[in-house]
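Have a look at the structure below, then the notes.
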Amino acid sequence: MPILTRAFYERDTELVARDLLGKVLVRIEGGVERAGRIVEVEAYLGSHDKAAHSSRGMTDRTRVMFGPPGHAYVYVIYGIHHCMNVVTEPEGHGSAVLIRALEPLSGIDGRTSGPGLLCKAMGIDRRLDAHDLLSDDFFITSDPLPAKRVRVVKRPRIGVDYAGRWAKRLLRFYIADNPNVSRK
DNA sequence: CTCCGGATTCGT
DNA sequence: CGAATCCGGAGT
């Protein structure tokens with residue numbers, strides 16, 4: 001199972017988002033391995049994207065988004081849940097891909113359809129913010145099985161109605177007919 | 001320092 | 001449809 005390289009992440013964010021579908025997110029903690037196939041993502045294009053956290057400039061929280069690609073950007077939402085992103089494009093761009101749903105593969109207890117739910121099921125929290133995904137305990141690999149031909153659905157991103165015209169962009173991607181997608 | 005609101009989820 | 005519940009970010 002080859003781990004995705006820095007070069008994979010250091011590309012156009014929409015391409016990375018699309019290519020992450022079908023890849024496998026792995027978290028190993030205390031000898032326990034948890035893994036899930038990525039079936040739904042959203043692209044946040046950079047500081048010009050009004051729906052992206054980075055559009056408010058670099059702050060303590062968003063510094064990771066402006067950092068080098070291939071790192072996790074994990075933040076707390078509504079004081080209750082965590083959301084996980086992977087940083088994309090060259091350092092300084094402020095772009096990332098939000099992981100929104102997984103198909104459970106191994107070691108997973110609980111639901112994985114939704115950004116907060118999958119973080120809970122995978123044991124992902126703020127301690128993993130800024131964690132390098134080119135590491136041996138938290139990474140993304142390509143599918144160990146032969147790549148399937150999947151149809152990708154494009155929709156507006158969820159929960160960003162405040163972002164004006166950016167709310168209309170089709171930057172949410174998911175695998176068609178996959179039952180683990182958070183919503184149709 | 002205070003105040004506001006959120007890339008969500010769950011229960012009514 | 002409203003509550004839960006914390007913290008980042010903006011303003012004083």
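Since the structure is predicted, the reported quantities are computational estimates derived from the model, not experimental observations. Atom set for the values below is all heavy atoms of this structure, side chains included, hydrogens, waters and symmetry mates excluded. So you know, we letter chains A, B, ... as the sequences are listed, proteins then strands, and number each from 1.
Arg37(A) places a side-chain N or O within donor-acceptor distance of the main-chain N or O of Gly22(A), the cut-off being under 3.5 Å.
When DNA chain C is scanned 5' to 3' for any atom under 4.0 Å from a heavy atom of chain A, the first and last hits are dA4(C) to dA10(C).
Distance Glu42(A) CD to dG6(B) P: 16 Å, rounded to the nearest Å. What separates CG of Leu170(A) from P of dA7(B) is a distance of 19 Å, to the nearest Å. Atom NE2 in His53(A) sits roughly 7 Å away from atom C1' in dG6(B) (whole-Å rounding). Rounded to a whole Å, the CD atom of Glu40(A) is 13 Å from the C1' atom of dT8(B). Regarding Arg157(A), its CZ atom lies at a distance of 17 Å from the C1' atom of dT8(B), rounded to whole Å. What separates CD1 of Ile80(A) from P of dG5(B) is a distance of 17 Å, to the nearest Å.
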Exercise for review: Apply side-chain contact (heavy atoms from CB on, under 4.5 Å) to Asn85(A) and Tyr75(A), showing your working.
Suggested key: CA-CA 9 Å; Asn85(A) 302 252; Tyr75(A) 67 93; 3.6 Å; yes

Review point. Between Tyr73(A) and Val86(A), does a side-chain contact (heavy atoms from CB on, under 4.5 Å) hold up when you go through it step by step?
Key: CA-CA 6 Å; Tyr73(A) 166 47; Val86(A) 297; over 6 Å; no

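If you check every strand for non-hydrogen atoms under 4.0 Å, Leu98(A) touches a base. Counting any heavy atom pair closer than 4.0 Å across all strands shown, Val76(A) reaches no nucleic acid atom. Within the 4.0 angstrom heavy-atom criterion, base atoms lie near Asn85(A). Contact annotation for Arg61(A): backbone-only contact, meaning every heavy-atom pair under 4.0 Å involves sugar-phosphate atoms and none involves a base. The residue Arg63(A) sits apart from the nucleic acid: no heavy atom pair falls under 4.0 Å. Met65(A) comes within contact range of at least one nucleobase, with a heavy-atom separation under 4.0 Å.
Of the side-chain N and O atoms in Arg100(A), one or more sit less than 4.0 angstrom from OP1 or OP2 of dT8(B). Using a 4.0 Å cut-off, no side-chain N or O of Arg111(A) falls inside it from OP1 or OP2 of dT9(B).
If you check dA7(B) for Watson-Crick or wobble pairing at under 3.5 angstrom, you find it has no partner at all. When both pairing distances are held under 3.5 Å, dC1(B) makes a Watson-Crick or G-U pair with dG11(C).
No aromatic stack links Tyr78(A) and the base of dG6(B), using centre distance under 5.5 Å and interplanar angle under 30°.
Following chains of ILVMFWY side-chain contacts shorter than 4.5 Å, one cannot reach Leu117(A) starting from Val74(A), and the two form parts of different hydrophobic clusters. Ile158(A) and Leu45(A) are not part of a single hydrophobic cluster, where members link through side-chain heavy atoms under 4.5 Å apart.
Applying the 6.0 Å contact sphere to CZ of Arg6(A) captures more than 12 heavy atoms from other residues, nucleotides or ligands.
Salt bridge Asp49(A)/Arg157(A): present, at least one basic N to carboxylate O contact under 4.0 Å. A salt bridge links Arg169(A) with Glu14(A); the closest basic N to acidic carboxylate O contact falls under 4.0 Å.
Toward the 5' end of DNA chain C, the nearer of the two residues Arg126(A) and His81(A), judged by each one's closest nucleotide, is His81(A).
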